[in-house]
Participant: 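This structure is in structure tokens; I'll ask about it shortly.
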Amino acid sequence: MHQLVPARDGFLFYVRFCVAAVFRRPFAASEERSQATMIRRVDAKERARDREQRILEFWEAHQVFQKSEEIRRGGPEFVFYEGPPTANGRPHSGHVLTRVMKDVYPRYKTMKGYHVERKAGWDTHGLPVEIEVEKKFGISGKKQIEKFGVERFIEACRESVFQYEAVWREMTAKLGYWVDLDHPYMTLSDDYIESVWYLLKTIYDQGYLYQGHRVSPYCPHCETTLSSHEVAQGYKDVKDLSVTAKFRVLAPPADVPTFFLAWTTTPWTLPSNVALAVHPELRYALIHAADRGERYWVADDRKAQFLQPGDEVVETKTGAELLGIAYEPLFPYVQVEGRKHIVVTSSHVTAESGTGIVHLAPAFGEEDYRVCKEHGVVYVNFVDLSGRFTPEVTDFAGRFVKDEETNVDIVKHLAARGLVYEKHKHEHAYPHCWRCDTPLIYYAIDSWFVRTTAVKDLMIANAKAVNWMPEHIRDGRFGNFLENMVDWNLSRSRYWGTPLPIWVCDQCGERACIGSKAELQSKAGRLPKELHKPYIDDITWRCACGGTMRRVPEVIDVWFDSGSMPFAQLHYPFENQEAFSRLFPADFISEAVDQTRGWFYSLLAISTLVTGKAPYKNVLVLGHVLDEQGKKMSKSKGNVIDPLEAIEMHGADALRFYFLSNTQPWNSQRFYHKAVAESKAKFIDLLQNVHAFYALYASLDGFAPSAHQLPPAKRSLMDRWLLARLHDLIRRVDTAMEAYDATTAARLLQDFVTDLSTWYVRRGRERYWASGMGDDKVAAFLTLYEALATVAKLAAPLVPFIAEDIYQNVVRSADPHAPISVHLCDFPQADPSLIDETLLAEMDLVIRAVEMGRYLRNEAKIKTRQPLSVLYLPKDQEAVLRKFEDVIQDELNVKRIEYVHLDAIAKPELYLNLRAVGQAYGKLVPVLNEAAKRATPEQIRAFLETGVVELEGCAIRADEGHAELRYHPKFAGVIQVTPRGFAGLCTELTPELIEEGYVREIISKMQMMRKEVNYNVTDRVVFSAQGDAEVMRILQDHYDEIAATVLIERLELEPMAGDLTKEWDVNGKRLTLSVRKGG
RNA sequence: GGGCCUAUAGCUCAGCCGGCUAGAGCGCACGACUGAUAAUCGUGAGGUCAGAGGUUCGAGUCCUCUUAGGCCCA
């Protein structure tokens, strides 16, 4: 570009020129304007971010996003659901990947004629929000929240939720993610909550909403349950007292005292023991302990731990055979009637630690709770919400269960009665509250559940019908999860969430589930200020029994909020019934793989419960974005890349293209600046370079594509090849995008742009600077125009900014009637008649011949600027190669090409690999080597055809690496032979060739000087030259040719003061050149 | 502890239904080109296809086990 700028006007002028061009030329072209505008020259070095900002302003000014939706109204619907992010944290790199994928397919479908609505959404409720607020006000735990004031707390949550919305908006916009952020759905709105209530009531009416217990990690100090994520933060290695307790069998087979042994690291759960669990298929051994005179049941696999010398195994049984055996309780506290203190079976028991027999206390373990429930064993809970024993535990009432002393005393109590087999301090990782450091306990609290297990089969069937990408999610991660489904624990004992709409009578226990505001109004006679706590909890009414209906205190799991979005984003069924029938189910959703048990599940569960159908048809599951070392990005490691910073540095197109082309999106992938920069250089910059090239010459010539008609049949082979390549590309990209495979589409585009730039344009450059406007030049311009215009459209969904830039400058400047944005265009359609497969294959042959030729020049160390006389190519490829003779000749700078048989130009020789032959035949090597040199043509042909030849009675084998054929040229030059062909290059230099080499050398030096001083390509100049007599003679003898190429007006032989003077080494001879502009 | 995924050149990735001597880009070294030029072209070095078994005429590819990493869940 720099040579375009007159040196004296300098860079600032150039910048002003560009800026003016940007704002006046293509974008000023309003819809009414019918005159074609001039194409704008492109600054290939423009910062990507500046270019993209320009495009963003253009989209904004012309409402392109809105129009892209409007113009497709009435077309087939492509339904996209936005999984709502939370705006109370900054977006990270993973969100970039998600947003790119969510953008690409809707853009593509829009261009294919589909109508796509893209409603943004915000996930606003949940514990993370509450924790942020707790931090802000320096409070912690439910007691302090109550003291702080629930109303004040809720208000603070509401404010905190949109804290980072502006950053999200900025990231979304700069990334080019088209989504309607002005009309988003928000889970905190009353409309949204009301829809969620409707769904809950629908579920309730089917009898699928029930109350039960749930065992959760629980902090007895904060009096709250913790999520698994919180638990994972607080593991610490601690030493706890562990005990192997003896449970006496009530009806021993002999009168020897017999016990089940069970090991626990939480002695405080033993007072609540109600059963023992064994694995039904495991073998258990009954050990007779000789010295104690007692017998113990333990898993057969564990018996070595318990056998003392002299002991013996008297019996073995399977776990199933032990089922139902009753034992004497360790403590007398469990008074409730029912099945208790018996052996039950469960497949979760293992023989990998302890005794292979597990003590069960249903309130303090999830498995314990489940197994007891399955076997109909009684439920007891002797620990209160503050972690202290209840009065039933008479010996330890009021004592904190996690105190070491309490546990020691419990063990002592047992030991005193002979019920301890063994005890020791056991070191293990135990979870602690990340807030207050209190050891957590697993603790059963009242919870509400959705009976998802009731529709398990339907959910599985629905999930199977979905197109999961990658496919293995369907039967793998997601399929397994559904197979092991448990009821959905819906309630949370928290504040900031959708209130569970269940009211219970404080007298008779009557229940009501409310499914709308109208229903609440009719029951209670009034509505709260809003549907959140604490306001909603003020709404009560009189029960038929005379008691008061009060709402249960819980809010619901935020996953139910987001899973409700197909309904609640439309405030269905209270509004938009028509829209809902149009926008359900989704054709396409995409989120990261961690949403398998999150959003993918909650959407499916709610939709299946309410409609019986799957809520989505195609799900693209994304992998995680990792740092350069393949580690998870986290603030503490300091390896986080801020997406906005990355966009600032490389531009959104580069980021988008990196994520699209790097790997299939479900693989986890690394993300770092260098990788993005590379992606930018290999595709975005290359494409922009081609654009700049076209713009430069099209503007110089005032080329107007619409003014010319030239059917492909009348264009050069090179043009027809590019068009074949282009239409083949259209077909492949379309197929890939249709299959949600943007990765393949991106790679195909990249390969095409590489070919376009490094072969078609590079090979055809001089066609564009030919004088006049002959047919060949028109063909070159038209073909490049069509390629750029088509690539812009094909690439528009992937890299929307540069695609728009090219479209505006190349297409819109030429055709004022074209749609105002590339994103309003139809996706290109391949013309099969242009896809000439033969031509594509032939060009491969040509490129291979050229590559061999370049290799030979390299081998011979003769620079390309030195013309050579002859290139030999295979006779059997003559028909093809002859068609491209000018291309090959020009690329390799040879005077002519001869098509010959290999025999005619080369002599094959058998060349022994002495090392291999030595290993095989030892000291015969010298003899064999002589024989090889004397090998007859028959012997050589035998080796060539069969891979083996006999020399002096020894088999010389190609597959053993004994020998290879080497070809010696029969002419003065070099040769390369490959299985697919050969090339020979005559390196003999005649005086004429040498002289011509000098001419090219001189021209090259002069062009370099023109460029160095930034002359315009069309400026005429004056050169002065002095130096070696031979060079000077050649310069003068070929003056006309040189002057025409370098645009020399006059040659001075005396030294001259010019803009630049340089001393050159021209093939070893001295030449001093000065240059100045002509007049 | 369970489930799922991944493992191919120094790095990032292709490699179809099992079938030529396992490829590309980047990086590195060397050379070329020079009217797109902070661009471009070529050559070279660099591989125990994570490891071990198995199926097969033939395995990077299919099966089993092991190892390492990632994710989800306990």
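In what follows, chains carry the letters A, B, and so on, assigned in the order in which the sequence lines appear, proteins first and then strands, with residues in each chain numbered from 1. Fair warning: this is a prediction, and the values are worked out from it, not measured in the lab.
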Participant: Touch check for A:R762, heavy atoms < 4.0 angstrom, all strands: base, sugar-phosphate only, or nothing?
Facilitator: base
Participant: In terms of side-chain heavy atoms, does A:T596 have a donor or acceptor partner in A:R477 at a distance below 3.5 Å?
Facilitator: no
Participant: State the pairing partner of B:G42; accept Watson-Crick or G-U wobble contacts with both distances under 3.5 Å, and report none otherwise.
Facilitator: B:C30
Participant: Would you say B:C41 has OP1 or OP2 under 4.0 Å from some side-chain N or O of A:T758?
Facilitator: yes
Participant: Look at all strands and tell whether A:E766 reaches a base, only sugar-phosphate, or nothing, counting heavy atoms closer than 4.0 Å.
Facilitator: nothing
Participant: I need the CG-P distance between A:L622 and B:C71, as an integer number of Å.
Facilitator: 16 Å
Participant: Can you tell me the pairing partner of B:C57 across any strand shown, Watson-Crick or G-U wobble, with both distances under 3.5 angstrom?
Facilitator: B:G19
Participant: Using both distances under 3.5 Å as the test, list the Watson-Crick or G-U wobble partner of B:A36, or none.
Facilitator: none
Participant: Quick check on side-chain hydrogen bond (donor to acceptor under 3.5 Å, both in side chains): which of A:T452, A:T453, A:D557 does A:W488 satisfy it with?
Facilitator: A:D557
Participant: Provide the distance between the two C1' atoms, one in B:U37 and one in B:A32, to the nearest whole Å.
Facilitator: 15 Å
Participant: Send over the distance from A:L660 CG to B:G25 P, rounded to a whole Å.
Facilitator: 21 Å
Participant: Let's test this: given Watson-Crick or G-U wobble pairing with both distances under 3.5 Å, identify the partner of B:A52.
Facilitator: B:U64
Participant: Rounding to an integer number of Å, can you tell me how far A:K863 NZ sits from B:G42 P?
Facilitator: 20 Å
Participant: If I take atom CZ in residue A:R1000 and atom C1' in nucleotide B:C33, what distance separates them, rounded to the nearest angstrom?
Facilitator: 10 Å
Participant: Distance check needed: B:U43 P versus A:L892 CG, whole Å only.
Facilitator: 12 Å
Participant: What interatomic distance, in whole Å, is found between P of B:G47 and the corresponding atom of B:C11?
Facilitator: 12 Å
Participant: Closest to the A:N667 side chain: B:A14, B:C72, B:A36?
Facilitator: B:A14
Participant: From the set B:A36, B:U12, B:U34, return the single nucleotide nearest to any side-chain atom of A:N662.
Facilitator: B:U12
Participant: Under 4.0 angstrom, heavy atoms only, what part of the nucleic acid is A:R747 near: base, sugar-phosphate, or nothing?
Facilitator: sugar-phosphate
Participant: Rounded to whole angstrom, note down the C1' distance from B:A7 over to B:U21.
Facilitator: 25 Å
Participant: If you measure from the P atom in B:C5 to the same atom in B:C63, how many Å do you get, rounded?
Facilitator: 11 Å
Participant: Can you tell me if A:N689 touches the phosphate of B:A39, counting only side-chain N or O atoms and a distance under 4.0 Å to OP1 or OP2?
Facilitator: no
Participant: Using the C1' atom as the reference point in each nucleotide, state the distance between B:C13 and B:C49 in Å, no decimals.
Facilitator: 14 Å
Participant: Rounded off to whole Å, could you give me the CD-to-P distance for the A:Q664 and B:C13 pair?
Facilitator: 12 Å
Participant: Which residue, A:V593 or A:D475, contacts RNA chain B at a nucleotide closer to its 5' end, judged by nearest heavy atom?
Facilitator: A:D475
Participant: Given B:C41, B:U12, B:G25, which nucleotide is nearest the side-chain atoms of A:E678?
Facilitator: B:G25
Participant: Tell me the interatomic distance from A:Q1007, atom CD, to B:C33, atom P, rounded to whole angstroms.
Facilitator: 15 Å
Participant: With a 3.5 Å limit on both atom pairs, tell me what B:A14 is paired to, counting Watson-Crick and G-U wobble, or say none.
Facilitator: none
Participant: Name the residue from A:T744, A:T743, A:V100 that meets the side-chain contact (heavy atoms from CB on, under 4.5 Å) definition with A:L660.
Facilitator: A:V100
Participant: So do the side chains of A:F884 and A:M843 get within less than 4.5 Å of each other, counting heavy atoms only?
Facilitator: yes
Participant: Does B:A32 have its OP1 or OP2 closer than 4.0 Å to a side-chain nitrogen or oxygen of A:R865?
Facilitator: no
Participant: Check whether any side-chain N or O of A:R765 sits under 4.0 Å from OP1 or OP2 of B:A36, and answer yes or no.
Facilitator: yes
Participant: Pairing check on B:G47: which nucleotide meets the Watson-Crick or G-U wobble criteria with it, both distances under 3.5 Å?
Facilitator: none
Participant: Would A:R857 and A:K863 count as a side chain to side chain contact (heavy atoms under 4.5 Å, CB included) here? Give the steps.
Facilitator: CA-CA 7 Å; A:R857 272 195 173 269; A:K863 58 172 83 167; 5.6 Å; no
Participant: Could you give the distance separating B:U6 and B:A74 at their P atoms, to the nearest angstrom?
Facilitator: 24 Å
Participant: Go ahead and name the base partner of B:C4; Watson-Crick or wobble counts if both distances stay under 3.5 Å, otherwise write none.
Facilitator: B:G70
Participant: Taking the C1' atom in each of B:U8 and B:G25, what is the distance between them to the nearest angstrom?
Facilitator: 15 Å
Participant: Can you confirm if the aromatic rings of A:Y601 and A:F481 lie within a centre distance of less than 6.0 Å?
Facilitator: yes
Participant: By nearest nucleotide on RNA chain B, pick out whichever of A:K682 and A:E1001 is the more 5' one.
Facilitator: A:K682
Participant: Whole-Å distance between B:G23 P and A:R848 CZ?
Facilitator: 14 Å
Participant: B:C26 and B:U43: how far apart are their P atoms, nearest whole angstrom?
Facilitator: 13 Å
Participant: Under a 3.5 Å distance rule, please check whether A:S602 uses its side chain to pair with a backbone N or O of A:W559 as donor and acceptor.
Facilitator: yes
Participant: Could you check whether A:Y1015 and A:D1059, counting side-chain N and O atoms only, form a donor-acceptor pair closer than 3.5 Å?
Facilitator: yes
Participant: Hey, is the side chain of A:T663 poking within less than 4.0 Å of OP1 or OP2 on B:A14, counting only N and O atoms?
Facilitator: yes
Participant: Looking at A:R477 and B:C5, is any side-chain donor or acceptor paired with a base atom of the opposite kind under 3.5 Å?
Facilitator: no
Participant: Indicate, with a heavy-atom threshold strictly under 4.0 Å, whether A:S757 touches base, sugar-phosphate, or nothing.
Facilitator: base
